[in-house]
2 protein chains.
Amino acid sequence: MNQEALKKIKTIIPLERIFTELAELYSYSYDASFGEYLPEIVIQPKNASEISELVKLANEYLIPIYPRGAGTSLSGGPLPVKGGMVLDMTQFNEKLVIDRENLLAIVSPGVITGDLHKKAEEVGLFYPPDPSSSHVATIGGNISENSSGPKGLKYGTTKEYVIGLEVVTPLGDIIRTGGKTVKNVTGYDITRLIVGSEGTLGIVTEVIVRLIPKPQARKTLLAHFAHLLDSGHAITSILSAGILPSAIELMDNACIRAVESFSPSGLPVDADSIIIVEVDGHPAAIDEEIKQCAKMCRNSGATYVKVAETESERLKIWSARKMVSPAITQMGPTKISEDATVPRSKIPAMMERLNRIRDKYKLNLVVFGHAGDGNLHPNIITDKRNIEEMKKVELAVSEIFEAAIELGGTLSGEHGIGTLKSPYMEMELGKSGLYMMKKIKEAWDPNNILNPGKIFPEKDQKRVVFV
Amino acid sequence: MNQEALKKIKTIIPLERIFTELAELYSYSYDASFGEYLPEIVIQPKNASEISELVKLANEYLIPIYPRGAGTSLSGGPLPVKGGMVLDMTQFNEKLVIDRENLLAIVSPGVITGDLHKKAEEVGLFYPPDPSSSHVATIGGNISENSSGPKGLKYGTTKEYVIGLEVVTPLGDIIRTGGKTVKNVTGYDITRLIVGSEGTLGIVTEVIVRLIPKPQARKTLLAHFAHLLDSGHAITSILSAGILPSAIELMDNACIRAVESFSPSGLPVDADSIIIVEVDGHPAAIDEEIKQCAKMCRNSGATYVKVAETESERLKIWSARKMVSPAITQMGPTKISEDATVPRSKIPAMMERLNRIRDKYKLNLVVFGHAGDGNLHPNIITDKRNIEEMKKVELAVSEIFEAAIELGGTLSGEHGIGTLKSPYMEMELGKSGLYMMKKIKEAWDPNNILNPGKIFPEKDQKRVVFV
């Protein structure tokens, strides 16, 4: 760390929010993906003007800046791959205001998404995006990655709710984008450009999200299928009948077996797939809708269909899905969680491709995901110390990406590109598509200060995961 | 027109789709705003590769390119302010495919938005954005301006439905952005950057929009209010009760009088305001909801509330709203239609500001709009040959913008910036905010080929409307 820069930092930020000891730095060297990179300094900013000054200083001394929420990224988003300065945003969490009349919330970036959920629901409002880490992840992190969870089909993603931002630009200026109105066409949509840009175009210092009235009720069903194709058919029938479920979750046979062996609860270990369908809205409407969904599951060949009649039955259905993560975590020390996403109608084809990849490389691959919006989560359970197996994993992951793109899908539905998928960007976007993205980064951040080493493939970037 | 360039154009495009006669050029010199600027040449491209070649040629010879849909822009979006080449996209309209299984449509840019509505509804699906020009406007034009209409409150804007694009870049490359999945976080969201960029960042050559199931039924009510504040209170009560209407339209007293004098139908000419509320969804749900809405209007002081019991009653309620445009058109030769948008709770304050502006400048100002999303349409009826009055109009418009921004709103909710509002951009965005937008334009379009003279204020740009 440049000592002159460090001295200046100490004039901007109180000492108790500056960390330079190895033990402290170490806790910021990883996230929920794989790499480990030590930063040179960690700072906990608490407002936009502190960040503005830090960014200006970083430009002066060419210090990379890595903003970081709760560190739950699955793609390496916050990893300080070039050292430099980590901004731990979790202490920048003062504001969480619900504006009931305008159906919106104004939130500091370090606020935990789950707290936004709670506060909104207390006054009958609803913030739909719900990544599975929402009880610990920050709204700033969710915005950087556009992470969304199971409700994308009916409610859209994080991006559909963010209508205004305060942002520190890569040059250190504080700008406001969008505002408090759903409609705003005053120039380019910088708000949506920042959402999902993984902290490479600006540091979010305040967020305005729109809220909607909380659905009055919900109904849930579970269906077992002997053939995966039948569950695909059931999903299509439901959507074609004009029903838009708030969630359609799918688990494949390997996933069912993993959950059942972790926590036996009578799941059908011979079933090819199970699906969970949830509808929400007006009680009269969803009563009728869930009956229709059940009928269409049966008509599509479901071997078993159960509509939850009580809240405890509903929770029991969801407990199978919630067990997926703990179940696969204990299957091996390393879990590689992908989020390749395909058009909904291509889910059966994608599942077939995944089966072939599993057989070819003899890997422990389980699949679950948000079938309603085509967002699958193939998880490979392995051990990163097993160099031979990791080589196979790398080839398998590459084939998963290829399959998704060939089927008209995308590398990443909600985890982001980070360090892990950047080498595959050109495969999806083509040379010109990637070039136009990079042009924006270069125009906004001429010194490449903000989260360098992410999204765009770099020649000198160390591969850490796949040895 | 450079003769060498013209010769090359004739090798790219068949002669019958090239226009250079004055009479032909004249029909492309205006839109639904005010300016008149003659292009040097008009071309009707029919596919992306023709456009790609034209853009490359335009870069070689530095010819400005002005893409144009049906020319219904209210902000000067397609006007060829620097001459050059107009691309009339209306013949590029071959593809309109509904993909029922994936709930999406794939559409050529020249397709009329109303045709997309019809095709989707034929199979029980729904494309919510519905600008009032949708029976003639093209989807490409809608995307360029992010024009949206009355359903923004419940369904969001055009941007919330566009998930993929094929675009010819300002350098003439053909790229694809987004795709067929709602979830896609592979790099920056170029799709949403292009939507609303008014043709300055790329020419859209194919569009993928998501569709939703068509609501099964709808219910409509009309309410009269002696005091505008009461109607504001009614709207807030409805939204706070957890009801999200598909439309809440408002007309002020001047607007009511204008409509009633144009086509007498018993509207309350003494009422301060009338509102129309429409809910859609499951029949059981909306039956209950519309009753609640009626009750809340009454509780808020409505002097009259009518729930439509039949389709013809429903159409009668809407006919008052549909008469607004013809009514004000016959009040004077020049209509200046603004779309300043404020947070919903600020509508009463904005209406008060508009009243003061009307009184101060003694102008014929009527106000109607989409009260649910804060998107008001103050219309000034005048005569552009009356130079004295036009000077007052200019001052009044400027005060309208100031009021919207002071109340936390925006210059433009859905008409776009075009030529008319560019001088006011810095007032809303600040120096740095505008600078960051311009950086993108400069990085993408170094020769300033695509729709130059729009969005960004220019020193040498002639003011045409306001003399």
Side-chain angles (χ1 to χ4, degrees), chain A residues 100-103 124 145-146 148 152 156-157 160 169 173 175 179-189 192-193 196-197 212-214 236 239-240 242 244 282 284-285 341 343-345 373-375 408-414 416-417 425 428-430 432-433 436-437 439-440 443-444 455, chain B residues 100-103 124 145-146 148 152 156-157 160 169 173 175-176 179-189 192-193 196-197 212-213 236 239-240 242 244 282 284-285 341 343-345 373-375 408-414 416-417 425 428-430 432-433 436-437 439-440 443-444 455:
Chain A
R100 214 178 151 188
E101 211 173 345
N102 290 311
L103 296 182
E145 303 290 337
N146 194 33
S148 301
T157 68
E160 273 80 45
T169 71
D173 293 324
I175 63 171
K180 291 184 176 183
T181 62
V182 171
K183 286 185 179 167
N184 180 324
V185 294
T186 298
Y188 302 153
D189 191 344
R192 263 63 168 249
L193 182 63
S197 66
I212 58 175
K214 191 181 163 200
T236 302
L239 294 168
S240 305
L244 206 53
H282 187 278
T341 301
R344 188 184 308 111
S345 64
D373 52 30
N375 180 199
T410 181
L411 286 177
S412 179
E414 59 182 0
I417 300 301
M425 290 286 278
E428 177 168 341
L429 300 171
S432 304
M436 294 312 274
M437 280 189 193
K439 277 302 217 186
I440 296 175
W444 272 43
I455 299 185
Chain B
R100 213 177 152 190
E101 209 173 347
N102 290 310
L103 296 182
E145 303 290 337
N146 195 33
S148 300
T157 68
E160 274 79 46
T169 71
D173 292 325
I175 63 171
R176 287 207 160 262
K180 293 184 175 181
T181 62
V182 171
K183 286 186 180 167
N184 180 323
V185 294
T186 298
Y188 302 153
D189 191 344
R192 262 64 168 248
L193 182 63
S197 67
I212 58 175
T236 303
L239 294 168
S240 304
L244 206 54
H282 187 276
T341 301
R344 188 183 310 111
S345 65
D373 52 31
N375 181 199
T410 180
L411 286 178
S412 180
E414 58 181 0
I417 300 302
M425 289 287 278
E428 176 168 343
L429 300 170
S432 304
M436 296 312 275
M437 279 189 193
K439 278 305 219 184
I440 296 175
W444 272 43
I455 299 185

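Contact of the A/Ile417 side chain with the B/Val185 side chain is not registered, since no non-hydrogen atoms from C-beta on lie closer than 4.5 Å. Taking 4.5 Å as the limit, every side-chain heavy atom of A/Met436 sits out of range of all side-chain heavy atoms of B/Leu193. No side-chain heavy atom of A/Ile175 sits less than 4.5 Å from a side-chain heavy atom of B/Leu429. A heavy-atom distance below 4.5 Å is not found between the side chains of B/Thr341 and A/Asn184.
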>> If you apply the rule side chain to side chain donor-acceptor pair (under 3.5 Å), what do you find for A/Ser412 with B/Thr186, and how did you get there?
In response: CA-CA 6 Å; A/Ser412 179; B/Thr186 298; 5.3 Å; no
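A distance of 5.0 Å separates CD1 of A/Ile440 from CH2 of B/Trp444, quoted to the nearest 0.5 Å.
Side-chain atoms of B/Asp173 never come within 3.5 Å of backbone atoms of A/Ser432 as a donor-acceptor pair (strictly under, hydrogens ignored). Distance alone, capped at 3.5 Å, is enough to place a donor-acceptor pair between the B/Arg344 side chain and the A/Glu101 backbone.
Chain B forms more heavy-atom pairs under 4.5 Å with one residue of A/Glu428, A/Arg100, A/Glu160 than with any other, namely A/Glu428. Of all the listed residues (A/Gly152, A/Gly156, A/Gly187, A/Ser240), the one sharing the greatest number of non-hydrogen pairs under 4.5 Å with chain B is A/Gly187. Of the listed residues (A/Gly196, A/Gly179, A/Ser197), the greatest number of heavy-atom pairs within a distance under 4.5 Å of chain B belongs to A/Ser197.
B/Thr181 touches chain A through its side chain: at least one heavy atom from C-beta onward sits under 4.5 Å away, while N, CA, C and O do not. Residue contact with chain A, scored on non-hydrogen atoms closer than 4.5 Å, involves the backbone and the side chain of B/Leu103 alike. For B/Asn375, the part lying under 4.5 angstrom from a heavy atom of chain A is the side chain only. With a threshold of 4.5 angstrom between heavy atoms, B/Glu414 approaches chain A through its backbone and through its side chain. Heavy-atom distances place both the backbone and the side chain of B/Met437 under 4.5 Å from chain A. The contact between A/Lys439 and chain B is made by backbone and side chain atoms together, counting heavy-atom distances below 4.5 Å. Only the side chain of B/Thr236 comes within contact range of chain A, judged by heavy atoms closer than 4.5 Å.
Between A/Lys183 and B/Asp373, at least one side-chain N (NZ, or NE/NH1/NH2) sits under 4.0 Å from a carboxylate O, which counts as a salt bridge.
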